[in-house]
2 protein chains.
Amino acid sequence: MTYSTAQPPSLSDRLTEAILGIIRDQDLGPGDAIPSARELAKRFELTTPTIREALRKLEATGAVEFRHGSGTYVGPTINNVVLANPHRPPITKQSVLQLIGARLVIEPAVARESALSRGEQNLERLEAAVTNALVPPGGPAFALNFHVELAAASGNPLLEEVLASLLKVRLREQQQIRQLYDNRERDHEEHRAILDAVRAQDAEEAERLTREHLDNIRAAVDAADFPELS
Amino acid sequence: MTYSTAQPPSLSDRLTEAILGIIRDQDLGPGDAIPSARELAKRFELTTPTIREALRKLEATGAVEFRHGSGTYVGPTINNVVLANPHRPPITKQSVLQLIGARLVIEPAVARESALSRGEQNLERLEAAVTNALVPPGGPAFALNFHVELAAASGNPLLEEVLASLLKVRLREQQQIRQLYDNRERDHEEHRAILDAVRAQDAEEAERLTREHLDNIRAAVDAADFPELS
DNA sequence: AAAGGCTAAGTGATTTAGTCACTTTGTGAC
DNA sequence: GTCACAAAGTGACTAAATCACTTAGCCTTT
């Protein structure tokens, strides 16, 4: 049995690498425009459908972004190391509990680390996340997420990526959790308690409170009747 | 400033969803064939380049796989929640240390959890991972990875995914770490010690040993002269 | 001078109709 | 039975358009 179905790099593969090369060589960052598909087609002596295939691959991982009629731009996650799968499998109650289970392992340790490493700027953003949480009535998703900000406070972008990915992929679950988990009052209070511990650089307490917080959420989800899967 | 550049789902987006729908409806798993591009083009009343764009998006996340001349097949990571970015940024010494830093936060907690939850089957796979580690001289990559198997032993697939993603994205770094970190003898011994603690269900010790192990690796990397970036 | 609408150029989105290259399978000769 | 080979199915890519959308500049109107 040939285990590794390693195929030679396709033209499409080489193209994505080449395009990423252009982005790196010209030091383009998120939001910057990249050459048009027609332009790239000329440059590589290919046709636009071929170019578009490569661009779609990059789009799938957030490396580039299409804006109809305007152009193609460098995406926000081009420097990410770990990604949320955009083609996520459907939700089940089990998958929600699985998510919380993983968070229960990872986040207390992250909270401990963040309590030790947090800077002034982190505290500000955490404060904003705690406060904003109550603001948006049906608010959009670009509000700061407390748990992601908590990971950011560790100073290690990779930890932030991991947490952001976990929470993004399960965004729908998260929304359901929010609905199930009381009426946000308790959530807010617990976030504030964790923030206080982080502010005081009390690693032990931050870890304990985070575990407690997630335990509460798990209990709420576990007890609840779960909506149907879409 | 319009912060959320939320665009209406493109045809390509809807297509990927539809194709994933086919895969789910027909209960196809990794390795199963999906309809040919021509077939899909007929079914959706589109043309093959359009279909191919959607398939390339799915390819980028490992949801499908092309085999030239043969067909298109369901990929191995279709049920993954979190992914390693296939278009990863280049390596620096800093990025390697960042990786180890993240692992230092996550893995000890994972080891603790795994020590408590591990089953017989997990112990077997861990044993294999420890043993195999010494076997391949220039061996291929499908060898079991001890750290990933350790996460798998927690019983939570999400934790396994997170660790696998971290280690896969930084595979090149990992290879360099391996070169730097002594001559594998020490690595092997430390893995065995962790395995023993997990076997004995000594959570405290498993956590401590894992932290120590990663600390050693970090020290080795930190002290080493780092090869040039490609 | 400021506000609003029109126009033209640039760009992405998609079609149409092919050709070439590769893999698999089955058939027939040996 | 085995091997060679032809045929069918499939992915890879081309070529040349057309349509839809965005942007920026100009020009009118206020």
Side-chain angles (χ1 to χ4, degrees), chain A residues 1-19 22-23 26 28 30-76, chain B residues 1-19 22-23 26 28 30-76:
Chain A
M1 173 184 182
T2 52
Y3 203 87
S4 179
T5 325
Q7 296 178 238
S10 67
L11 172 56
S12 196
D13 289 331
R14 282 176 284 138
L15 242 190
T16 57
E17 285 302 322
I19 293 171
I22 291 177
I23 293 174
Q26 304 192 359
L28 302 178
D32 292 338
I34 67 175
S36 73
R38 289 175 176 85
E39 164 68 22
L40 290 172
K42 267 185 217 157
R43 201 180 303 191
F44 292 108
E45 298 185 318
L46 296 169
T47 53
T48 53
T50 308
I51 300 289
R52 287 179 62 81
E53 279 185 32
L55 288 174
R56 284 291 186 200
K57 287 184 66 168
L58 293 174
E59 187 204 17
T61 64
V64 308
E65 238 179 43
F66 291 100
R67 292 184 212 159
H68 190 168
S70 174
T72 310
Y73 299 81
V74 176
Chain B
M1 175 183 182
T2 52
Y3 204 88
S4 178
T5 324
Q7 295 176 240
S10 68
L11 171 56
S12 196
D13 289 331
R14 282 176 282 135
L15 241 190
T16 57
E17 286 301 322
I19 293 171
I22 291 177
I23 293 174
Q26 303 193 0
L28 303 179
D32 292 340
I34 67 176
S36 74
R38 288 174 176 85
E39 165 68 23
L40 290 172
K42 267 185 217 156
R43 199 181 302 191
F44 291 110
E45 297 184 317
L46 295 169
T47 52
T48 52
T50 309
I51 300 290
R52 286 179 62 82
E53 278 185 32
L55 288 174
R56 283 292 185 197
K57 288 183 66 168
L58 293 173
E59 186 203 18
T61 64
V64 307
E65 236 177 44
F66 291 101
R67 292 184 212 161
H68 190 169
S70 173
T72 310
Y73 300 81
V74 176

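In this text, all values refer to a predicted model and were calculated from it rather than measured experimentally. Residue numbers start from 1 in every chain, and the chains themselves are labelled A, B, ... in the order their sequence lines are given, proteins ahead of strands.
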Report the distance from atom [atom1] of [X] to atom [atom2] of [N], rounded to the nearest whole Å.
| X | N | atom1 | atom2 | value |
| --- | --- | --- | --- | --- |
| A:E39 | C:dT11 | CD | P | 8 Å |
| B:E59 | D:dG11 | CD | C1' | 11 Å |
| B:L40 | D:dT10 | CG | C1' | 12 Å |
| B:K42 | C:dA17 | NZ | C1' | 15 Å |
| A:R38 | C:dG10 | CZ | C1' | 8 Å |
| B:R56 | D:dC13 | CZ | C1' | 10 Å |
| A:E45 | D:dT14 | CD | P | 10 Å |
| A:Y73 | C:dG10 | OH | P | 15 Å |

Is B:S70 touching bases, backbone alone, or none of the nucleic acid, heavy atoms closer than 4.0 Å? sugar-phosphate

What nucleic acid atoms does B:T72 come within less than 4.0 Å of, heavy atoms only: base, sugar-phosphate, or nothing? sugar-phosphate

Nearest to the side chain of [X] - [options]?
| X | options | value |
| --- | --- | --- |
| A:L46 | C:dG12, D:dT14, C:dT14 | D:dT14 |
| B:E53 | C:dT16, C:dT14, C:dG12 | C:dT14 |
| B:F66 | D:dA12, D:dC13, D:dT10 | D:dA12 |

Of A:L11 and A:H68, whose closest DNA chain D nucleotide lies nearer the 5' terminus? A:L11

Short side-chain N/O contact from A:R52 to OP1 or OP2 of C:dA13, under 4.0 Å: yes

Return the minimal non-hydrogen interatomic distance between [X] and [Y], and the atom names on each side.
| X | Y | value |
| --- | --- | --- |
| A:A33 | A:L28 | O-CD1, 3.8 Å |
| A:P76 | A:P30 | CA-CB, 4.1 Å |
| A:P35 | A:R43 | CG-NH2, 3.5 Å |

Between the CD atom in A:E59 and the CZ atom in A:R52, the distance rounded to the nearest 0.5 Å is 9.0 Å

Distance from B:I34 atom CD1 to B:L40 atom CG, nearest 0.5 Å? 6.0 Å

